[in-house]
Amino acid sequence: MLLSKFARINLAHRNTPLELMPRLSEHLGGPNIYIKRDDCTGLGHGGNKARKLEFILADAINRGADTILTQGAVQSNHARQTAAAAAKLGLKCELLLENFMLAPDSDYKNSGNLFLDHLFGAKVHYYPKDTDMGEALDAKAAQLSAEGRTPYIVPLGGSNVIGNLGYVDCAMEIIQQANQQQILISQIIHATGSAGTQAGLITGLRANQSDIPVLGIAVSTEKQKQEEKVFKLAQETATFLGQENVIKRNDIDVNSDYFGEGYGLPTDSMKEALSLVARLEGILLDPVYTGKAMAGLIDLVRRGIFSQNDSIVFIHTGGSAALFAYYKHLL
Ligand SMILES: *Cc1c(COP(=O)(O)O)cnc(C)c1O
């Protein structure tokens, strides 16, 4: 399948490595666990949004945008990568950030991703929890238009049919690397939030005749609801690609057992996963997404869900910049 008919700007370092985690695999005594290093996409401290922004910002430029608007949590990795991409492309960037912590401390409000947003020159606006952020974005866009600017709204997490092409592409990259390295992948596992990563991956796999199962570990939403969100986005993405009907409802699998009390709120299993992967592999996960997804993977291995011969691919979607904002909760 050719993606070259879609406008794209080079922002990410690709291909990202696909590597075995030998010491973690041995420690857990289960399947071979590989890691797809999408934390190494390069742009502004890396992460999964770089792949999506390659397609989204190409669209923004084609539409003559001069200002990029997006939303996220105060410690949003998506906002930070959008700010970096806008800086690289000479576009202005305004970020609408929602407070998700119950009692945000000064590190949460100033360090980590937020510090980097400022360094990339983005203008930051704050909103209380439970604001209608879609409405806030539209209002900000209207205000900028009235001032004579040309704003472009990047949706939450870059999850729309255009952004999801980044993960259709990643699926094809994984298939190619698995062939080159002779890895028979039994399962792909990653954190799912705004749902575009999982929607893009499953679309890319099924449209390329691969039946590898993908499990999304939810970071905030209950299973049924998150699966419906991924399913809808995957179907839309497949249709956008001219691949109607490649996605079946039972291709979509989400586990919501590992996010604890809610989005961005630390859990003990996340802390254990962070420290295991740091100490055994020298790899930094993050407290909001990959730490919780890895906690899920570790628990599933301990429960004996996988066989010794299985090869699991964990997608490291990035986020370690947030470690500094959360460090007091992680010690
Ligand atoms: C945004 C993000 C995710 C989730 O990806 P979605 O496409 O929003 O589901 C996972 N991990 C990290 C580190 C992220 O920043």
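Atoms within a ligand are numbered from 1 in the order they appear, just like the ligands themselves. As the structure is a prediction and not an experimental result, all values here were calculated from the model.
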A.B. asks: Using a strict threshold of under 4.0 Å (side-chain N to carboxylate O), is an ion pair present between Arg23 and Glu281?
C.D. replies: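 Salt bridge flag = no for Arg23 with Glu281.
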A.B. asks: Going by the rule side-chain contact (heavy atoms from CB on, under 4.5 Å), which residues pair with Ala60 if we only count those two or more places apart in sequence or in a different chain?
C.D. replies: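 With neighbours one apart ignored, the set is Leu57, Ala65, Ile68, Tyr152.
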A.B. asks: Pick one: which of Asp38, Asn48, Thr237, Thr197 meets side-chain hydrogen bond (donor to acceptor under 3.5 Å, both in side chains) with Tyr167?
C.D. replies: Asp38
A.B. asks: Think Lys49 forms a cation-pi with Tyr289, using NZ or CZ under 6.0 Å from the six-ring centre and within 45 degrees of its axis?
C.D. replies: yes
A.B. asks: Can you pull every nitrogen or oxygen pair between ligand 1 and the protein closer than 3.5 angstrom?
C.D. replies:
unit_1   : atom_1 : unit_2 : atom_2 : d
ligand 1 : 5 (O)  : Asn48  : ND2    : 3.1
ligand 1 : 5 (O)  : Thr197 : OG1    : 3.3
ligand 1 : 7 (O)  : Lys52  : NZ     : 2.6
ligand 1 : 7 (O)  : Gly196 : N      : 3.4
ligand 1 : 7 (O)  : Thr197 : N      : 2.9
ligand 1 : 7 (O)  : Thr197 : OG1    : 2.6
ligand 1 : 8 (O)  : Ser194 : N      : 2.8
ligand 1 : 8 (O)  : Ser194 : OG     : 2.5
ligand 1 : 9 (O)  : Gly193 : N      : 2.7
ligand 1 : 9 (O)  : Ser194 : N      : 3.3
ligand 1 : 9 (O)  : Ala195 : N      : 2.9
ligand 1 : 11 (N) : Thr317 : OG1    : 2.6
ligand 1 : 15 (O) : Lys49  : NZ     : 2.9
ligand 1 : 15 (O) : Asn77  : ND2    : 3.1

A.B. asks: Looking at Asp310 and Ser307, would you say the former's side chain and the latter's main chain have a donor-acceptor pair under 3.5 Å?
C.D. replies: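 Answer holds: yes.
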A.B. asks: Would you mind checking if Lys232 and Glu228 are paired as a salt bridge, meaning a charged N to carboxylate O distance below 4.0 Å?
C.D. replies: no
